[in-house]
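Here is how names work: the chains are called A, B, and so on, in the same order as the sequence lines, proteins then strands, and each is numbered from 1.
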Amino acid sequence: MREGIAKMTPIVKISNLDKYFGRLHVLKDISLDVKEREVVCLIGRSGSGKSTLLRCINFLEEPSSGIIEVDGVKVDGGEKGKAHRGLVHNIRLKTGMVFQEFNLFPHMSVLENVIEGPVIVKGMDKDKAISLAEENLDSVGMLFKKDEYPLRLSGGQKQRVAIARALTMQPKVMLFDEPTSALDPELIGEVLNVMKKVAKDGMTMLVVTHEMGFAREVADRVLVMGDGEIIEDAKPKTLFTRPKDPRTKALIDRYRSGEN
Amino acid sequence: MNQAGTSQAELLYEAQQRKVRQFRNNVVITWIVLLGLLIFLFSGPIQIDTDFIRRNTLFIASGIGETLNISVLSIVLAIILALLAALGRLSTIPPVYAVSTFYVSLIRGTPLFLQIFFFFLALPQLGIVLPGLIAGVLALGLNYGAYMSETFRAGIASVSKGQREAAIAIGMTPTQTMRRIVLPQALRFAIPPMGNDFISMTKDSALVSATGFVHDVMWRATRVGRAEFNSLEALIIAAVFYWMMTLILTTFQNRMEARLARGDR
Ligand SMILES: Nc1ncnc2c1ncn2[C@@H]1O[C@H](COP(=O)(O)OP(=O)(O)OP(=O)(O)O)[C@@H](O)[C@H]1O
Ligand SMILES: [Mg+2]
């Protein structure tokens, strides 16, 4: 599909990741490699652990045990202390995240939202941050609203700004957690188009989604999660035509019947 | 059919608007009647000493500056203390959490009037004699800070978890997240109640006059009232001034709230 994936070393490497919420075992010994420029979609039933897996990668959830490695930064889950926090910070700088609920900062204009990270976190020169932000806002088609406040934007517009905000941190990997699930149906397309563009520009992406069309068209691999495990890992074409696990088949049938 | 539906809706809307207007007019008329009644009472049936009023209005009015002065200083102190107490309440460090809850509990568990006298009468016994204004500001500021910390806490709680997560995801430290993302939104949430608190403060500041060391509107009114046995007139004058201050401040506050409600920021 896109060139140059095969030869790459993994940019995200998850080894033996376990996550408990209290006594609930949510992620069970997950190991996963994602290569540079690869687009990986995660699907699976509600509660299967998709969000938790994604959030363990940038430590929004602290793994109970296991190792997370992003672009050479290797962090042991379940550790504490200053050194650990430093490594976690480095991982967060290498990952951008897009949330279902957008989470734009309502007290800042679109442009301020986008330059906040580079200026405050990275200490980037403000003029440089603005030109970078404007470039990214332009590429998601939101430059014309740069002085507007989030309250005045549609859901689709908010999510496109949120994508620009994440991109302006110049991450190595983008994590999307159901980026279109909070949108009215007619606004989903514009966000998916932006995501396709980001993928085409060579970004490594992990996407939790119910958009099977997107997975089929854009993903290099689709992972199916079930009860805290990856129960299937295949190219979209294989997965959709010849699912191995009966749970995958059931899931795909559900999507086919448009039930989500 | 659609046409008829629209015009019916318009008719309903107009009828509703008429009712709203009517209600407002009746309220205004009643206010004017009540005010007229008050003025009538004091100009005939209740004998008041207009000469006293003429001689002392200026003296009492010149306490407005002191009243506002003490209110502004106290509210500034209260805001700082409230912020610290609210943050302390969120702290995971036990002593910090304890100091914050101890402060709020102690202050809210005792009368404001007692706290004021504590600063004016009890501290001197320990050899600490504070100037009247400072003692008053400390007492009022500490008291209001304890109550306002709840407002700030609610403001901080009103900022969604998603906001924090977005900040953390772009690499912000907890301090940066609090300062740049959570507090600005919490303060915006807290502005209307803070306005109410300031208005209450202008009136509660009158309590400080009881100690005799702060020459605000209330102190001046009681002083001339007692001296000439004209407390009725003196207190009426003071009441009018407090009321006017409140009305003016409320107008400001309504305007500010309307601006915030427009929500373009
Ligand atoms: N903070 C939390 N505390 C306790 N339990 C949690 C927490 N977050 C998630 N869980 C539980 O962990 C399991 C996995 O949740 P997760 O959100 O990862 O699922 P998901 O696959 O993303 O589901 P969905 O499609 O509904 O978003 C669920 O049983 C959920 O109830
Ligand atoms: Mg989820």
For chain B, the option from A:F99, A:F102, A:F59 that forms the most heavy-atom pairs under 4.5 Å: A:F99

A:K19 to A:F21, cation-pi by 6.0 Å centre distance and 45° axis angle: yes

Which of A:L93, A:I91, A:N58, A:I120 touches chain B most, by non-hydrogen pairs under 4.5 Å: A:I120

Segment of A:L60 engaging chain B (4.5 angstrom heavy-atom cut-off): side chain

Pick from B:I181, B:V159, B:T173 with the largest number of heavy-atom pairs that fall under 4.5 Å of chain A: B:I181

Heavy-atom proximity to chain A below 4.5 Å, by part of B:Q176: side chain

Within 6.0 angstrom of A:K122 NZ, more than 12 heavy atoms from elsewhere: yes

Sidechain-backbone polar pair: B:Q253 side chain, B:P192 backbone, donor-acceptor under 3.5 Å: yes

A:I11 CD1 to A:D71 CG distance, which is reported to the nearest 0.5 Å: 4.5 Å

A:R55 and A:E61: CA distance, side-chain angles, deciding distance, salt bridge (Lys or Arg N to Asp or Glu O under 4.0 Å) verdict: CA-CA 5 Å; A:R55 292 158 60 87; A:E61 303 290 356; 3.1 Å; yes

Chain A contact via B:R164 - which portion, at a heavy-atom distance below 4.5 Å: neither

Greatest number of heavy atom pairs closer than 4.5 Å to chain B - which of A:H89, A:M97, A:E148, A:Q100: A:H89

Interface moiety of A:R85 toward chain B, non-hydrogen atoms closer than 4.5 Å: neither

Options A:T95, A:T168, A:L104, A:V88, ranked by heavy-atom pairs under 4.5 Å with chain B, top entry: A:L104

Atom NZ of A:K196: over 12 foreign heavy atoms under 6.0 Å: yes

Exercise: do A:Q159 and A:T180 side chains pair donor with acceptor under 3.5 Å: no

